[in-house]
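Below: one structure, written as structure tokens.
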Amino acid sequence: MEKTWRWFGKNDNITLAMLRQIGVEGIVTALHDVPNGEVWTHEAILDLKRFIEEAGLKWSVVESLPVCESIKYGGADRDELIGRYIASLENLGKAGVTTVCYNFMPVIDWVRTDLQHPWADGSSSLYFDKVRFAYFDCRILQREGAEKDYDATVLEAVDALDKTITDAEKETLIENIIVKTQGFVNGNITENDRNPVALFRDLLSRYAGIGRDALRENMKYFLSAVMPVCDRYGINMCVHPDDPPFPLFGLPRIVTCDEDIDWFLHAVDNPHNGLTFCAGSLSAGIHNDVPRLARKYASRTHFVHLRSTNVLPNGDFIEASHLEGRAHLVDLVRIFEKERPDVPMRVDHGRLMLGDKAEEYNAGYSFHGRMFALAQVEGIMAVVRDELEKGLI
């Protein structure tokens, strides 16, 4: 597999020169300065592509070309927005950038309650605390009907937490859940917004009456519209699974499991309609057998995220070592090295370690933590390639 790295553009503290030194081959990035819904111009794409190539690397994957909320909930302007999306895809295709990772998660991208959960060795990682998430939903956001989504044990824990939680902890939950993990990804909410909770409530309100079936049909509508330009330029669209892979905030999530993946691949049965196989997202759902899904969908996988999680008995989940956890990355590397040896892959959600915290990297996107993870995965890849050469697998 091609070793790639998510890089946040020319202002990223992690430079392309640093990435070359650690064995990165391809770059995963986007035009982060272009507002959602605006066209990515051919000139801007070529400028960034040249910058990457002058550093001795290649622009392997776009992550992400965001799908606007109005497309997801089927707003009056969705056809106009899809037209702009198609124009961006055409400009990417003309520039020879032909793998596009996107998601169809309503309102909110990946969700964690703690961005620096401490480990015994002094490093830290992302963490999802079910009770603290429920506290945010029920007590801070005060979403109507939120209590119906949680069992009595969780609600009792929410009541207990309410007696001890500080104002600073509440602000941290707001920052972690709807600001810091979202602003640099999809731009719905940024750190400059003065009342992110009110803005978030407004975004949720736009999905009133939009259930699972309606969201599926809107995804099908979007994919059907963009496939002709994908066919023309050989662009592979690869949807990222929902993270975590279960409903949140009363919103439907439609890329969570085997049934969901099977549905969208057959709903628009075009080889350019494919999957970003994010092992970490899928492994956060106890219903998912991650290696089995990899075997089943390898042929329609156009991009791979290699990370792993552990799901705890109380429903919390935490980022695992890239050598451990429910994703079974050793098995996944065997599957993809055999079935899709040229597919780009990147490690993901590395720990904060060895001074990463002081550099203020985006949550989950440290330098030393991801470099360590890449070394672990590169070691797995070397062993698997040796096994393949010897006919052992």
Side-chain angles (χ1 to χ4, degrees), residues 1-12 14 16 19 24-38 40 44-45 48-49 51-53 57-68 71-72 85 88-89 91-93 95-105 108-111 126 180-188 222-223 226 230 233-243 255 272-282 300-307 336 340 342-350 361-367 370 373-374 377:
M1 291 183 283
E2 180 189 2
K3 296 175 291 183
T4 69
W5 184 280
R6 191 169 192 184
W7 177 71
F8 294 98
K10 297 176 183 179
N11 294 324
D12 196 327
I14 301 170
L16 297 178
L19 299 184
V24 171
E25 298 164 334
I27 296 300
V28 177
T29 194
L31 299 185
H32 293 287
D33 58 330
V34 179
N36 287 4
E38 297 299 318
W40 289 15
I45 292 166
L48 185 57
K49 185 170 183 278
F51 186 83
I52 293 168
E53 290 174 347
L57 297 160
K58 61 177 289 192
W59 187 354
S60 300
V61 180
V62 171
E63 185 178 353
S64 299
L65 179 56
V67 179
C68 291
I71 295 173
K72 296 173 188 175
Y85 200 99
S88 296
L89 288 176
N91 290 333
L92 285 166
V97 183
T98 57
T99 301
V100 176
C101 173
Y102 71 103
N103 76 68
F104 219 78
M105 293 179 249
I108 195 162
D109 204 293
W110 56 283
V111 180
L126 307 175
K180 287 185 177 178
T181 56
Q182 306 307 312
F184 74 94
V185 176
N186 62 22
N188 279 344
F222 166 73
L223 285 170
V226 304
C230 293
Y233 291 99
I235 297 171
N236 289 323
M237 295 288 293
C238 37
V239 70
H240 190 290
D242 301 335
D243 185 9
V255 190
H272 295 301
N273 171 30
L275 177 66
T276 293
F277 195 93
C278 180
S281 300
L282 292 168
R300 294 288 286 273
T301 294
H302 301 312
F303 185 29
V304 177
H305 289 182
L306 290 181
R307 66 177 177 88
F336 288 116
R340 297 295 307 278
D342 297 326
V343 74
M345 78 81 191
R346 70 172 178 86
V347 296
D348 205 2
H349 293 190
Y361 296 124
N362 290 322
Y365 293 94
S366 61
F367 178 66
R370 281 190 290 168
L374 180 61
V377 170

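All residue numbers in this chain count up from 1 along the given sequence. From a predicted model like this one, the values you see are computed outputs, not experimental measurements.
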Set out, in order, the CA-CA distance, both residues' side-chain angles and the distance that settles side-chain contact (heavy atoms from CB on, under 4.5 Å) for Leu31 and Leu48, then state yes or no. CA-CA 8 Å; Leu31 299 185; Leu48 185 57; 3.7 Å; yes

Considering the options Arg340, Met237, His272, which one meets the side chain to side chain contact (heavy atoms under 4.5 Å, CB included) requirement together with His302?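 Among the candidates, only Arg340 passes.
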
List the steps and the verdict of side-chain contact (heavy atoms from CB on, under 4.5 Å) for Thr4 and Val24. CA-CA 6 Å; Thr4 69; Val24 171; 5.5 Å; no

Determine, stepwise, if the pair Leu126 / Trp110 fulfils side-chain contact (heavy atoms from CB on, under 4.5 Å). CA-CA 11 Å; Leu126 307 175; Trp110 56 283; 3.4 Å; yes

Check for a donor-acceptor pair, side chain of Thr98 on one end and backbone N or O of Ile235 on the other, with a separation under 3.5 Å.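 Side chain of Thr98 to backbone of Ile235: no pair is present.
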
Counting only N and O atoms by type, is there a donor-acceptor contact under 3.5 Å from the side chain of Lys72 to the main-chain atoms of Met105?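 Yes: the side chain of Lys72 pairs with the backbone of Met105.
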
Rounded to the nearest 0.5 Å, what separates atom [atom1] in [X] from atom [atom2] in [Y]?
X      : Y      : atom1 : atom2 : result
Trp59  : Ile45  : CH2   : CD1   : 6.0 Å
Phe222 : Phe104 : CZ    : CZ    : 6.5 Å
Leu65  : Trp40  : CG    : CH2   : 5.0 Å
Leu275 : Asn236 : CG    : CG    : 12.0 Å
Leu306 : Cys278 : CG    : SG    : 9.0 Å
Trp7   : Ile52  : CH2   : CD1   : 5.5 Å

For Leu19 and Ile14, run side-chain contact (heavy atoms from CB on, under 4.5 Å): C-alpha distance rounded to whole Å, both residues' side-chain angles, the deciding distance at 0.1 Å, then the answer. CA-CA 8 Å; Leu19 299 184; Ile14 301 170; 3.6 Å; yes

State, to 0.1 Å, how close [X] and [Y] come at their nearest heavy-atom pair, and which atoms those are.
X      : Y      : result
Val61  : Pro344 : CG2-CG, 3.7 Å
Ala30  : Ser64  : CB-O, 3.4 Å
Thr276 : Cys238 : OG1-O, 2.9 Å

Report yes if the distance between the aromatic ring centroids of His32 and Phe8 is under 6.0 Å, otherwise no.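 Yes - the distance between ring centres of His32 and Phe8 falls below the 6.0 Å cut-off.
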
Residues in side chain to side chain donor-acceptor pair (under 3.5 Å) contact with Thr29, at least two apart in sequence or another chain: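 Side chain to side chain donor-acceptor pair (under 3.5 Å) check on Thr29 returns nothing, list empty.
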
Taking only residues two or more places apart in sequence, or in another chain, which ones meet Glu38 in a side chain to side chain donor-acceptor pair (under 3.5 Å)?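 With neighbours one apart ignored, the set is empty.
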
Residues Asp348 and Arg346 bridged, charged N to O under 4.0 Å: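 Between Arg346 and Asp348 there is a salt bridge, with a charged N closer than 4.0 Å to a carboxylate O.
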
Residues Asp12, Arg6: salt bridge by 4.0 Å N-O rule: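 Result for this pair is no, no salt bridge flagged.
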
Taking C-beta and beyond as the side chain, do [X] and [Y] meet within less than 4.5 Å on heavy atoms?
X      : Y      : value
Phe51  : Leu16  : yes
Glu2   : Ser60  : yes
Tyr365 : Arg370 : yes
Val255 : Ser281 : no
Thr301 : Phe336 : yes
Tyr102 : Val62  : no

Pairwise salt bridge (charged side-chain N to carboxylate O under 4.0 Å, His left out) hits with a residue in residues 25-35, at least two apart: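 Output for this query is empty, none listed.
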
Walk me through it: do His305 and His240 pass the test ring pair (Phe, Tyr, Trp, His ring centres under 6.0 Å)? CA-CA 9 Å; His305 289 182; His240 190 290; 5.1 Å; yes

No-hydrogen, no-angle side-chain donor-acceptor test under 3.5 Å, Asn103 and Asp242: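 Note: Asn103 and Asp242 side chains miss the donor-acceptor criterion.
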
